[in-house]
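A short worksheet on the structure shown next.
Order of the sequence lines sets the chain letters (A, B, ...), proteins ahead of strands, with each chain counted from 1.
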Number of protein chains: 2
Amino acid sequence: MDIGQRLKQIRTERGLSQRELATRAGLTNGTISLIETDKTSPSVASLKSLLDAIPISMAEFFGAIEEQDIPKFIYRADEFIQLTQDGPGQVSLRQLGNARKHTLQVLHETYPAGADTGPEFLAHEGEEAGIITRGQIELTVGDTIGLLNCGDGYLFDSRLPHRFRNIGTEPCEIVSALTPPVF
Amino acid sequence: MDIGQRLKQIRTERGLSQRELATRAGLTNGTISLIETDKTSPSVASLKSLLDAIPISMAEFFGAIEEQDIPKFIYRADEFIQLTQDGPGQVSLRQLGNARKHTLQVLHETYPAGADTGPEFLAHEGEEAGIITRGQIELTVGDTIGLLNCGDGYLFDSRLPHRFRNIGTEPCEIVSALTPPVF
DNA sequence: CCAGATTGACAATTAAATTAAACACGGCAC
DNA sequence: GTGCCGTGTTTAATTTAATTGTCAATCTGG
């Protein structure tokens, strides 16, 4: 989402210079330059001042951005959404993209040594699958128990009760997929 | 426009605590507390992180705010939009509200000593009127010239060529109205 | 009732946005 | 050419936002 490009677009569309818009909005030209070149992320208050001076509403401004938004295919590691509280000894679930817009939910899971999804078994609609990318983990599905090593994978109907336990000494990382998404 | 209230609304609607939303968005609970109590104006980047984690789009977020926006009646002095470059010896035009939404445009004008709208006369559609609140100014409309003192006013058809000159020694302030708005 | 956990708010530090002033580039008159 | 605007960018200093750690208040289960 390129705030800078969009601001520059509507500013130049209306024939305003950075300096002119700046004085109208009560900011400085330098600030607008930094925003338009994406060297800073303006505060909502600053952006509102700018849009009021143009004038254009926040909804219009972002509406146009999000319409023109090219469907996003690539997500950087730091763009994942953390679904769990993080802390030592905690299971970490990091979601790829905004699953509500899709029928497929992919997670990057980390189970510290000793971690356990709990004795109360999980069960929900859909299917899930994954591949272990680091360490090893014990998976119980129904009354089947298996120890999965790095490179191994799993695939099962999520309605079957299941449980993950890292019984090893190093953290276990899994890339998993669920459909439909669960929250 | 109350960002804090709106954020709290949708957050609690979805049963999220400040801490839970914070970890999902990669921010801290303190930040959310400050935003929701309007003690800070978040950066666009921070707000986007929060809305992605909820999830809700920027356009939806602001759309709802601006719809529910009570028509605004009162404008603080620092909310006026500066229509002119400011500087010593410059005429200052400060607009009340967003004139594009209305048929009436009210300006707070300041003419420094010696200021002049220029020998090339102004002319545009509509009517304009004003009252001098400080100092004095010479007004030319068509071939009529008058010296207006503090408390005096004017009202004329804007299609007549007109010119303002502060021929006094102190700045002149005028509150003026135009209809329809001009830019 | 108490212990432990969860909530939102606060104060002090750290990180980031904003300012103010300078810089560099490109027209354009002279 | 030189000087002068007007443009957008960059830099160091300042102001503001964000983090961190803590607090009191509110639940919850034993």
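Scanning all heavy atoms of the two residues, the minimum distance from B:Pro112 to B:Asn166 falls at O-ND2, 3.2 Å. Nearest approach of A:Ile35 to A:Pro42, heavy atoms of both residues: CD1-CB, 3.6 Å. Residues A:Arg6 and A:Phe61 come closest through the heavy atom pair NE-O, 3.0 Å.
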Can you check each nucleotide of nucleotides 22-27 of chain D against protein heavy atoms at under 4.0 Å and return B for base, S for sugar-phosphate only, - for none, in 5' to 3' order?
-> B-----
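Here A:Gln18 does not reach the OP1 or OP2 of D:dT7: none of its side-chain N or O atoms lies under 4.0 Å away. A:Thr28 has a side-chain polar atom (N or O) that falls below the 4.0 Å cut-off from OP1 or OP2 of C:dT19. The phosphate of D:dG8 (OP1 or OP2) has no side-chain N or O of A:Ser33 nearer than 4.0 angstrom.
For A:Gln136, the side-chain contact (heavy atoms from CB on, under 4.5 Å) test picks out A:Leu147, A:Asn149, with sequence neighbours left out. Partners of B:Ala45 by side-chain contact (heavy atoms from CB on, under 4.5 Å), not counting sequence neighbours, listed by chain and number: A:Ser41, B:Ser43. Under the side-chain hydrogen bond (donor to acceptor under 3.5 Å, both in side chains) criterion, A:Ser49 pairs with no residue at all, not counting sequence neighbours. The salt bridge (Lys or Arg N to Asp or Glu O under 4.0 Å) test applied to B:Arg14 returns no partner, not counting sequence neighbours. B:Lys48 meets the salt bridge (Lys or Arg N to Asp or Glu O under 4.0 Å) test with B:Asp52; sequence neighbours excluded. Take B:Arg134 and apply the side-chain contact (heavy atoms from CB on, under 4.5 Å) test, not counting sequence neighbours, and it matches B:Glu170, B:Pro171, B:Glu173. A:Thr37 meets the side-chain hydrogen bond (donor to acceptor under 3.5 Å, both in side chains) test with A:Lys39; sequence neighbours excluded. In terms of the side-chain hydrogen bond (donor to acceptor under 3.5 Å, both in side chains) criterion, A:Thr12 has no residue partners (sequence neighbours excluded).
Note on B:Val44 and A:Ile10: same hydrophobic cluster, where clusters join Ile, Leu, Val, Met, Phe, Trp and Tyr whose side-chain heavy atoms are under 4.5 Å apart, directly or indirectly.
Contacts between residues 4-16 of chain B and DNA chain D, defined by a heavy-atom separation below 4.0 Å, involve no residue at all.
Rounded to whole Å, atom P of C:dA9 lies 9 Å from atom CG of B:Leu34. Here the C1' atom of nucleotide C:dC10 and the CD1 atom of B:Ile35 are 16 Å apart, to the nearest Å. To the nearest angstrom, C1' of C:dA17 lies 13 Å from CG of A:Leu47. Put simply, CD on A:Glu36 is 12 Å from C1' on D:dT7, counting in whole angstrom units.
Remark on the helix from C:dC1-D:dG30 to C:dC30-D:dG1: inter-end axis angle 20°, axes from five-pair C1' superpositions, rounded to 10°.
Test B:Lys8, B:Gln5, B:Gln18 against B:Glu36 for side-chain hydrogen bond (donor to acceptor under 3.5 Å, both in side chains) and you get one pass: B:Gln18.
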Distances under 3.5 Å between nitrogen or oxygen atoms of protein and nucleotides 15-17 of chain D:
unit_1: D:dA17; atom_1: OP1; unit_2: B:Ser41; atom_2: N; d: 3.4
unit_1: D:dA17; atom_1: O5'; unit_2: B:Thr40; atom_2: OG1; d: 3.1

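Taking the side chain of A:Leu27 as heavy atoms from C-beta on, and the options D:dT19, D:dT9, C:dT19, the nearest nucleotide is C:dT19.
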